[in-house]
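To start, the structure itself, in C-alpha cells.
Nothing here was measured: the structure is a model prediction, and the numbers come from that model. Side chains are part of it too, since the values below use all heavy atoms of this structure and drop only hydrogens, waters and symmetry mates. In what follows, every chain begins at residue 1, and chains take the letters A, B, ... in the order their sequences are listed.
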Amino acid sequence: MTSPHEARLEKLNRISSSGIDPWGHYFPGRIWNSDARSRSTEIKFQLENGTTLELPDVDAKKDDGSSQVDYRQWKTNQGPGQEIGPTVRVAGRVVLMRPTGKLIFVNLRDWTGDIQIFIGKGQVGEANFQLAGEFDLGDWIGVDGRLGRTNTGELTVFAENLHFMCKTLEPPPEKYAGLQDPELKQRQRYLDLAYNDGVMKTFLDRTKIVQSIRETLAKRGYCEVEGPTLHTVAGGAAARPFNTHHNTLDMPLVLRIALELHLKRLLVGGIERVYELGRVYRNEGISPRHNPEFTMLEAYEAFANYEVMMDLTEQIILDALKAIGKGYEVAWGDKTIDFTPPFARRSYDDLFKEHTGLAPTDITGIANLARKLGLDPNGKHPDVVKSEVFEEKVEDSLVGPIFVIDYPASICPLTKRKSSNPLIAERFELFIHGMELANAYTELNDPMLQEELFRTQLEGQADEDSMAKMDHDFVLALRNGMPPAGGLGIGIDRLVMLLTNARSIRDIILFPLLRNQTTN
RNA sequence: GAGGGUGUAGCUCAGUCGGUAGAGCAUCGGACUUUUAAUCCGUGGGUCCCGGGUUCGAGUCCCGGCACCCUCACCA
C-alpha cells in the first residue's frame with residue numbers, strides 16, 4: 001500500500017529524525033568521478049613482507065566484454081597481502097543499487113561519468129549502513145573512501161563514510177530503457193540529462209563548440225558584443241517577428257530576427273572585427289530543423305570580403321570539430337559528412353545549370369520548370385523564380401559541405417555587387433546534406449543603394465505584415481560611413497546538429513518550445 | 001495550416017473478435033559481505049489522454065478536443 005512517493009517521504013523523515021539534513025551541505029574537497037578514475041594507477045597490492053606490486057591490467061576486456069585478467073585469482077597467486085589505494089571524496093547521484101545483505105553496491109553518477117561505491121556494513125559502521133538503507137535511486141550522496149578494485153577488477157570506492165546530499169522525491173525513469181517518451185525528454189530535460197546515455201555529452205559538446213567558436217574569433221582579433229534583442233524594426237532577414245510591447249514607453253517592439261543591422265552600426269562606429277553569438281526569434285513554423293528561438297553567430301570584419309569569410313567559416317567548423325575530439329569524417333544519421341578541407345566552392349549559376357539543365361538566363365524555361373514544380377512564377381521577379389527553383393531542385397541534393405557562391409543580386413538586398421558584374425552579388429551559403437548552415441556576403445555599404453534596395457524589397461512584398469519595414473535609422477548609420485567588410489552568419493543549432501549527430505534540433509536545444517500541457 | 005502515427009501502472013511496453021486490466025523495471029516485505037540491468041521468494045499499484053456517442057457491455061468501434069512524433073506547407 002506504499003506508493004513510491006510515500007516510501008520516499010518516509011525515508012526522508014527517517015533520515016531527518018536520525019539527525020541528518022536530507023538536503024545536504026557544503027562538501028569541500030570533493031573530486032569528480034573522472035578524476036577518481038584517473039587515480040586508479042595509484043592502487044597497489046602490498047605483500048606481507050612490505051613489497052608493493054603493480055596491479056595487472058584488469059580493465060583490459062576480451063571481445064565478449066569479460067575481463068582478461070581474473071583479479072581474484074591474481075591476488076591469490078601473489079600470496080597473503082592487501083590492496084592499498086588513495087583515499088578520495090566523491091559525490092553524485094545514485095543511479096543503480098545492488099544490495100546483497102550486509103553489503104551494497106551503488107553506481108554513483110556525476111557529470112563526468114559513473115563510479116562504483118562499495119558500502120559494507122563492517123567497513124562503514126552501523127549508523128552509515130543504516131543511512132545507506134534509506135537510499136533511493138536518484139538521491140545525491142557524498143562518499144569518503146579508499147579507491148580500489150573488487151574481485152572482478154571493477155574500479156570502486158570502498159566507502160568509509162557516507163554523507164547525505166539530497167533526497168529525491170520522484171522515482172527515476174526505467175533503469176535500462178531510460179526515458180523514451182520524446183515529450184517527457186523535452187519537458188523534463190533534467191531526467192534526460194541525468195539518466196539517458198549520451199545526452200549529457202551532447203549538450204556539453206554543444207558548449208565546447210560554442211567555446212571553440214569564441215576562441216577562433218578571438219584569435220583573429222574579433223570583439224564580442226551584445227546587441228539589443230528588442231527592436232523597433234525587424235530587420236536583417238525576412239521572417240515574421242514576435243511582437244511585444246513596452247508599457248512605460250507605450251511602444252510596440254519586436255524580438256530580433258537577426259543580429260546584422262546593429263553589428264553593422266558598430267562597424268560604422270569603428271569596431272572593425274565584431275561578432276555576436278546570440279538568440280534570435282522567428283515567429284514561424286516548427287520542424288526538426290526549426291525552433292522559434294535559436295542561436296546565431298554573426299561576424300563582421302572590416303576590409304574583408306566574402307572570400308575571407310568563407311575561409312573563416314571553414315576555420316570555425318574545423319576548430320569546432322577538433323574541440324569535441326572529432327576528425328574530418330563524422331556520422332550523421334545514416335549518412336556521413338566529410339569535412340576534409342577545403343570545402344567545395346561552386347557558383348550558383350553552375351549548380352543551377354547542372355541540376356536543371358537550363359541556362360541561368362533562360363527566363364521562360366525557368367518559369368516553365370517552376371510551373372512543373374508546382375510553383376507560381378506569375379508576377380515575380382525572374383531571379384526570385386530562379387531562386388525558388390534553385391531551392392527545389394538544387395539545395396536538397398547538395399551533400400556538401402559546399403559553398404554556393406555568387407547569387408543573383410536582386411535577391412540579396414544587403415550585399416555588395418561584383419564590380420565586374422552588377423547582376424551578381426558577392427554572397428555565399430554553405431550547405432550540408434541540404435541544410436543551409438551559413439550565409440555570408442561582402443557587405444553593401446552604399447547608403448543610397450541600400451535605401452533603394454530596401455524600397456524595392458518592400459514594394460515586392462507589400463502585402464506581408466511580416467516583412468522588413470524600412471529601417472531609416474540603419475540607412476542613417478550607413479550615411480556616416482561603414483568600411484567595406486565581409487559579414488558571416490552561422491546557425492549554431494544546425495552546426496551542433498551536424499557535429500553531434502543529432503537528427504532533430506530539439507535534441508540539441510535544452511528546452512525547445514512546446515505547447516502548454518496543462519488541462520484539457 | 002494539411003495528411004499520417006502515437007497516448008494503457010512512477011518508467012518501458014503488451015493488450016487477440018467489443019466480454020473481469022497485463023508483463024518487466026521501480027516500490028513495499030523477506031534471504032544474501034565482491035555485485036555489474038545482481039539473484040531468489042513474496043506484495044501492493046490503473047482518470048486505459050480528455051469529453052461525448054453506439055452497445056447488455058468500450059482500452060478496443062464512432063464523433064469532437066488536447067499533447068507529442070513524422071511528412072508536407074511556411075521559413076533570405
Side-chain angles (χ1 to χ4, degrees), chain A residues 1-8 10-11 65-67 71-72 75 95-107 114 116-124 129 136-138 148-156 158 168-188 191 195-196 235-240 257-258 260 282-292 294 374 383-384 387-388 390-391 395 407-408 410-415 425 427 429 436 439-441 457 461 464 466-468 489 491 503-504 506 512 514-520:
Chain A
M1 218 14 216
T2 317
S3 77
H5 297 94
E6 287 164 335
R8 281 163 188 262
E10 284 168 13
K11 287 177 188 168
S66 66
S67 184
Y71 183 51
R72 187 204 311 243
K75 280 192 291 187
V95 291
L96 283 175
M97 275 196 292
R98 293 176 293 283
T100 71
K102 298 184 180 63
L103 165 62
I104 305 171
F105 287 98
V106 169
N107 287 17
D114 292 4
Q116 177 168 270
I117 310 295
F118 177 108
I119 304 171
K121 190 174 187 178
Q123 289 80 2
V124 296
F129 197 75
D136 280 311
L137 296 181
R149 299 277 184 178
T150 59
N151 283 341
T152 55
E154 177 82 15
L155 184 66
T156 301
F158 290 85
T168 297
L169 299 179
E170 299 291 331
E174 207 271 342
K175 70 181 179 187
Y176 190 61
L179 192 64
Q180 292 300 318
D181 184 337
E183 185 175 353
L184 288 182
K185 280 163 65 74
Q186 294 171 54
R187 291 195 194 277
Q188 296 185 279
L191 295 179
Y195 296 104
N196 282 353
R240 269 185 260 273
I257 59 172
E260 177 151 355
R282 296 188 180 179
N283 203 342
E284 285 169 351
I286 294 174
S287 84
R289 278 163 298 282
H290 300 82
N291 194 59
F294 60 100
D383 281 343
V384 173
S387 166
E388 287 175 1
F390 187 90
E391 282 169 26
E395 286 187 2
Y407 279 67
S410 52
I411 59 169
C412 309
L414 295 159
T415 310
R427 170 185 179 186
E429 292 193 30
E436 181 196 332
N439 183 15
Y441 27 87
Q457 187 189 18
Q461 300 159 327
E464 277 295 338
S466 60
M467 293 302 155
R503 258 77 94 228
S504 169
R506 290 185 290 268
L514 293 172
R515 283 185 171 86
N516 278 330
Q517 57 153 12
T518 48
T519 60
N520 296 294

Residues which pass side-chain hydrogen bond (donor to acceptor under 3.5 Å, both in side chains) with A:S387, listed by chain and number, not counting sequence neighbours: none
Contacts of type side-chain hydrogen bond (donor to acceptor under 3.5 Å, both in side chains), residue A:N151, not counting sequence neighbours: A:K75
Sugar-phosphate only, base, or nothing, as touched by A:Y407 at under 4.0 Å among non-hydrogen atoms: nothing
Base-pairing mate for B:rU60 - Watson-Crick or G-U, with both contacts under 3.5 Å: none
Set of residues satisfying side-chain hydrogen bond (donor to acceptor under 3.5 Å, both in side chains) with respect to A:Y71, sequence neighbours excluded: A:E83
Separation of the P atoms in B:rC56 and B:rG29, to the nearest angstrom: 49 Å
C1' atoms of B:rU33 and B:rU20, separation to the nearest Å: 46 Å
Nearest-angstrom distance, P atom, B:rA26 to B:rG7: 25 Å
Touch class at under 4.0 angstrom, heavy-atom based, for A:G178 against every strand present: sugar-phosphate
Sugar-phosphate only, base, or nothing, as touched by A:I104 at under 4.0 Å among non-hydrogen atoms: nothing
Pairwise C1' distance, B:rG44 and B:rU27 [rounded to whole Å]: 8 Å
Closest to side chain of A:K102, choosing from B:rU33, B:rU35, B:rU12: B:rU33
Euclidean distance for P, B:rU6 against B:rC49 (whole angstrom): 13 Å
Sugar-phosphate, base or nothing in reach of A:K185, heavy atoms under 4.0 Å: nothing
Under the side-chain hydrogen bond (donor to acceptor under 3.5 Å, both in side chains) test, residues paired with A:E170 that sit two or more places apart: A:H5
Touch class at under 4.0 angstrom, heavy-atom based, for A:L191 against every strand present: nothing
Atom C1', compared across B:rU8 and B:rA67: separation rounded to whole Å: 16 Å
Euclidean distance for P, B:rG45 against B:rG10 (whole angstrom): 13 Å
Scan nucleotides 68-74 of chain B against the protein and return all N/O pairs shorter than 3.5 Å with their distances rounded to 0.1 Å.
from: B:rC68; atom 1: OP1; to: A:R515; atom 2: N; distance (Å): 2.7
from: B:rC68; atom 1: OP2; to: A:R515; atom 2: NH1; distance (Å): 3.0
from: B:rC68; atom 1: O4'; to: A:E183; atom 2: OE1; distance (Å): 3.0
from: B:rC69; atom 1: OP1; to: A:Q186; atom 2: NE2; distance (Å): 3.0
from: B:rC69; atom 1: OP1; to: A:R506; atom 2: NE; distance (Å): 2.8
from: B:rC70; atom 1: OP1; to: A:R506; atom 2: NH2; distance (Å): 3.4
from: B:rC70; atom 1: OP2; to: A:R506; atom 2: NH2; distance (Å): 2.4
from: B:rC74; atom 1: O2'; to: A:R240; atom 2: NH2; distance (Å): 3.3
from: B:rC74; atom 1: O2; to: A:G285; atom 2: N; distance (Å): 3.2

Touch class at under 4.0 angstrom, heavy-atom based, for A:R427 against every strand present: sugar-phosphate
Who pairs with B:rG1 - Watson-Crick or G-U, where each distance is under 3.5 Å: B:rC72
Can you name the atoms? Protein N/O to nucleotides 21-25 of chain B N/O, anything below 3.5 Å, with the distance.
from: B:rC25; atom 1: O3'; to: A:K175; atom 2: NZ; distance (Å): 3.3

Nearest-Å distance once atom P is located in both B:rU12 and B:rC69: 15 Å
Selection from B:rU33, B:rU34, B:rU12 that lies nearest to any side-chain heavy atom of A:F105: B:rU34
Touch class at under 4.0 angstrom, heavy-atom based, for A:E154 against every strand present: base
